[in-house]
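Note on naming: letters A, B, ... go to the chains in the order of the sequence lines (proteins, then strands), and numbering restarts at 1 for each one. Please read all numbers here as calculations on a predicted model, not as lab measurements.
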Number of protein chains: 2
Amino acid sequence: MIKKISGFLVLLLSLGLFLQYNAIADEGMWTFDNPPTKLLQQQYNFTPTADWLDHVRLSSVRFMDGGSGSFVSPNGLVMTNHHVAMFQLQKLSTAENNYVATGFYAATLDKELKCPDLEVNILVDLKNVTTEVRAAITTDMSEAEALKARDAEIARLEKESLDATGNRSNVVNLYHGGEYWLYVYKKYTDVRLVMAPERQAAYFGGDYDNFTYPRYDLDVAFFRVYENDKPVESPHYFKWSASGAAENELVFIIGNPGSTDRLLTYAQLEVQRDHTLPMLLNYIDKRIQILQDYSQKGQEQQRRALGQIFGLENSNKALTGMLNGLKDKDLMEKKKADEEKFRQLVASNPEWNEKYGDAWDIIAEAASKSALTAKERFYQTLRSGRLTQFATQIVRYVSEIKKPDAERLEGYHDSELEPLKFNLLSPAPIYKDQEQAILLGTLKMSVEELGTDDEFIKTILDGKSPDAVVTHLITKTKLDDPAYREELIKKGEKAVLKSSDPLIQLALKIDPYMRDKIQWYRDNVESIMTRESERIAEARFAVYGKDTYPDATFTLRLGYGTAKGYPYNGTIAPYKTTLYGLYDRALSFRGNPAFALPQRFWDRKDKLDLSTPANFVHTCDAVGGSSGSPTINANAEIVGILFDGNIESLVGDYYFDIEKNRSVSVHSSYIMHALRTLYDANELADEIEK
Amino acid sequence: MIKKISGFLVLLLSLGLFLQYNAIADEGMWTFDNPPTKLLQQQYNFTPTADWLDHVRLSSVRFMDGGSGSFVSPNGLVMTNHHVAMFQLQKLSTAENNYVATGFYAATLDKELKCPDLEVNILVDLKNVTTEVRAAITTDMSEAEALKARDAEIARLEKESLDATGNRSNVVNLYHGGEYWLYVYKKYTDVRLVMAPERQAAYFGGDYDNFTYPRYDLDVAFFRVYENDKPVESPHYFKWSASGAAENELVFIIGNPGSTDRLLTYAQLEVQRDHTLPMLLNYIDKRIQILQDYSQKGQEQQRRALGQIFGLENSNKALTGMLNGLKDKDLMEKKKADEEKFRQLVASNPEWNEKYGDAWDIIAEAASKSALTAKERFYQTLRSGRLTQFATQIVRYVSEIKKPDAERLEGYHDSELEPLKFNLLSPAPIYKDQEQAILLGTLKMSVEELGTDDEFIKTILDGKSPDAVVTHLITKTKLDDPAYREELIKKGEKAVLKSSDPLIQLALKIDPYMRDKIQWYRDNVESIMTRESERIAEARFAVYGKDTYPDATFTLRLGYGTAKGYPYNGTIAPYKTTLYGLYDRALSFRGNPAFALPQRFWDRKDKLDLSTPANFVHTCDAVGGSSGSPTINANAEIVGILFDGNIESLVGDYYFDIEKNRSVSVHSSYIMHALRTLYDANELADEIEK
């Protein structure tokens, strides 16, 4: 499943990963200020009008849980992937009502279930603020000062827009500092669950089939957006195409790809290959094991851990695919050749050479410095459950808000406080036994990696065993109560400093270590990387021009391509699959729970038209975060919903291969046929088709 | 499709390819004198008794068209693959009755169709003749003399056995000269077609899906063996298993794998990678183009060329897979390490070192000498249609039979004359327009590769254009008439020398060139390779012992393994597929003729139980020539019929990878369900199930 690997994304960024480009046929995650109009005209004789672009942008939705979606009725009905909805489905479920397993359908508004902490966004405005951000930096500043000044100006711009519009306002760094844009989002936080199929249908094939094709998944779910306790009017929404896309038909995706690394320097790729990715994969492997051990304790534990295990397995498979890409000698040779050509072009022009020539070497030095400290930075933190995250956030919150906005840690600027509190005060259930298992497991990993002489470890353990420490922390903390968390941040720093809550006490003790790490990284890596990547971005504009798209940044993008098969497994993969294939795979793997279909698929098999297309592939360029992207035709009608890429697409983080890289969407016909024939969801189907 | 690549096999052997081994779990193509009894007991707790081994051997059949088969009733009913039957189906078909396209079924004996030139064999006896062959060589012989003496003794042993038993008698070189065995076959040449499905059902997915899995092919056909115009009694035949093999069940294959190169020396692998395979693939590509151009001329031309195009595309895909294997750096490193270890063990023992130590270097020298002349040897011949082959055979036949048996060219010994004439005098139709297209195309290739100054080319063209030469040759020749061919070989050398047939005249002119090439190869390569490979074979026996199987030689072998899926395409492939998958793929690729199902599959779809298993994979070790192998359970019941390997199996020519190498069989349930429900072949089904 393509989803935003949020935790790891942040980490990857903090480990220093950068980007640039040069678009080829069907490649690209285009911003709405710079749509690929020329390419579309040349290749497909299609001209996206301003109205068309506005319509598809305003019909699209970002899920802050890490995915994309779209309005599919004028009454606030939003479609996304089941695996994007999973976060909320888990939070809405209990041992008695496990909607992940059973699915859910509200035939009427009053039956819809309010999500505890789901925010969705519509991109209502975007504005180039490059000049403003640049103006904050003066030539006499050190790198560290420049970084601080840049961040302060960004925070100021965001606050100014928030105050003026009341809308979520984020400054986005595009083209690695080549441009800065202010993105303004209409934001909704009352979002209610309308319909989800059983996970077995949505995630048919499980981790085995994840990131592969041919595929047969009903990876779809529906929410409704409310405001003032009423469904919002959504004048911009996508109409439905019952027949879907024909082979070779032009299609588009609109969504929020999370991050790509297509123009990392060669040195940075080597660091990823040799240090970052192996370290991450080692961590993920062990963390999956922790959760699987916990799952063994019973059915309820299994239910609780399911979503996290899915997320970790998903990351594991994605990162493994990326690492395999980096281990592919042909790919690396191509990367090297591309960079050498670029650098030669820069070197051949004395002015360019003077301005940009040494940026690659400086980045290489910073990247290797970053790699040397990666392990400490990674393990000297509480990389674990939600309770420790709350503790850290509370301790920082009460301290940061006392400072002037420009001086604060990232994440604590005025413009960021509302979403921070939305998450911090979420009423979603917290399971202490699971938190305990995770904290104990990850603490043991930190001890193993850093050794017992490490100051950070000594501070946490204080002479006791990890078991004793963790048991005490989790048993005694009251942070699982949202009211208690709210009380702490309301009472402020003094109350927090005096709090007897053991997790708060621990966070107070270790926060200085973690802040040190953040500051070290800003001073020694981030500030340098930021400046040098800006120089490379400028060099790229100078050498290759600006007719391209920026690397993915979890902001709204437009992709285009055609529905098309590809060479696979010594033969060819078809552009679409059918429901016959679903039953083939279910029966071929009978007995394997990953391929078990919900009972209704057997009970109602004879009512289904098995020739109905199930999933289809297309050449639109997508990556984690694109999940849930409406897949539309030139008439802006829904032909499907993007939910994954094929195994060959995993290397897409570094390199787009039009021959083999494919995105996978659920076919619109399957969704409609399933709603009516399998789920008796005729009200929902009618609303969509109206 | 796994089939014996007969023409190319001969060529590969003539280009100097050798072999040895070391069996691992489930690996191996075991001879019946040395079955893997210990391994079966250890791994599967199964003991094949002598009776069991005799029964499965005598129930199995070799198709001299290049494949395998088995008796499935006591009345001479033989099952093989449709793609093995293709050769005869094409020869039995006409523009009006195209059985390849329509399929065929004879409900009663009188409706069965006699094949023009099909020979099938049962291995009735096998005897170790290593001592006899060795005794023919004395230490004072040169390599060339030794080769001649060895061949003469082999011819003598074969003749002696043929005279004594009346049975086909072939001496087989096993373990690359490690052992020589006399194989005695009961031979049948009256074989009649009973049933074949449409090729679209048998070869569903066409060249795309060839050598891949998951798969859905009904690759089966039935013949009946006659003697004295009556069906033979076949007391040894396989009973039928209606349910087939369960997942992980022990299964066996009995068949005639054509050739493997698992223990080529590293130097030989390099020659294959850098010279032989690229040359062959270039040739095959162009020859496919010649036939496709010919096919464009009309529906009848398309029908005529179909079988040859299939054979060439099949070789193309197989050899491409082999070449990709040799280009895989990991595989080559493993090969190198294995050889180095072997040579070190030899070197560490002074006696071994003295006896075998330099064999690898001598082979490397001969291999590179062979590579240097490969192009000339390959293109200085009439590598084209059947008419030129007849001409060469007639010219040689009348000259060779006058010599003492020991002095003759290979293929013209007394023991070889009967099958030679069986083919030479075959009444199968010959299409002159097709022969002309092929001869012209291949002659142009020879001109292109060798240049117009080449003596061989000059002799053929004699100042004229290829077009003029070929038009004259094919238009005027009477060799398409079997009676004329018979007359020529009856009248003997004088009549042939005086013949005015232009193809005979040409063959007389160029035969000396071709004989020179053969002799050069025998003197400079084959004689050296034969001796040195014998030395390596002995070294292998000395170092590793004899508990292994010889490389494939198109002789009867026993393979074993289990029905088991494998990792594929980023996920797993199931051990079996179902008929649901057949319809999925047909509908997914609707419009692509390679995936078009016969009309009866649509007309009778609702009568089928689509959960019926279609194909399944197992770990039995197979290779070209194994096609048609009965796939049986421990009770010697048919659970399927082998017809292919997955794409990962193509590298099996060099290396058996138990993790991913799989053989593909049609499931017994599909065959029976299709016979009864799709083909109304209840008489045949009853005979099998009785």
Chain A contacts, top residue of B/P214, B/G206, B/P567, B/G581 (heavy-atom pairs, under 4.5 Å):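 Looking at each of B/P214, B/G206, B/P567, B/G581 in turn, B/G581 comes out on top.
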Kindly give the heavy-atom pair with the smallest separation between [X] and [Y], and that separation in Å.
X: B/R585; Y: A/P574; answer: NH1-CD, 3.9 Å
X: A/S611; Y: B/L587; answer: CB-CD1, 3.7 Å
X: A/S588; Y: B/T577; answer: OG-CA, 3.6 Å
X: A/Y568; Y: B/Y568; answer: OH-OH, 2.8 Å

Checking side-chain polar atoms at under 3.5 Å, does B/T212 have a donor or acceptor matched by the opposite partner on A/N569?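 No, no side-chain donor-acceptor pair sits under 3.5 Å.
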Quiz question: by atom type and distance under 3.5 Å, do the side chains of A/D209 and B/T571 form a donor-acceptor pair?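 Their side chains do contain a donor-acceptor pair, which is all the 3.5 Å distance test asks for.
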Heavy atoms of other groups near B/Q599 CD, more than 12 under 6.0 Å: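 Count over threshold, so yes.
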Identify which part of [X] has an atom lying under 4.5 Å from any heavy atom of chain B, answering side chain, backbone, both or neither.
X: A/R590; value: neither
X: A/Y583; value: both
X: A/N592; value: side chain

Would you say A/D584 and B/Y216 make side-chain contact, with heavy atoms under 4.5 Å?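 Yes; the side chains approach each other to less than 4.5 Å.
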Taking the side chain as every heavy atom from C-beta outward, state whether A/I572 and B/F595 have any atom pair closer than 4.5 Å.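 Counting from C-beta outward, A/I572 and B/F595 do come under 4.5 Å.
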Given that the side chain runs from C-beta out, which part of B/Y213 has a heavy atom under 4.5 Å from chain A: side chain, backbone, both or neither?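 Looking at B/Y213, just its backbone touches chain A.
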Less than 4.5 Å to any heavy atom of chain A: does that hold for the side chain of B/A573, its backbone, both, or neither?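 Contact with chain A is through the backbone of B/A573 alone.
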Rounded to the nearest 0.5 Å, how far does CZ of B/F589 lie from NZ of A/K576?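 Atom-to-atom, A/K576:NZ and B/F589:CZ are 11.0 Å apart.
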Pair A/Y580-B/L610, side chain to side chain contact (heavy atoms under 4.5 Å, CB included): steps then yes or no: CA-CA 9 Å; A/Y580 279 109; B/L610 297 185; 3.6 Å; yes
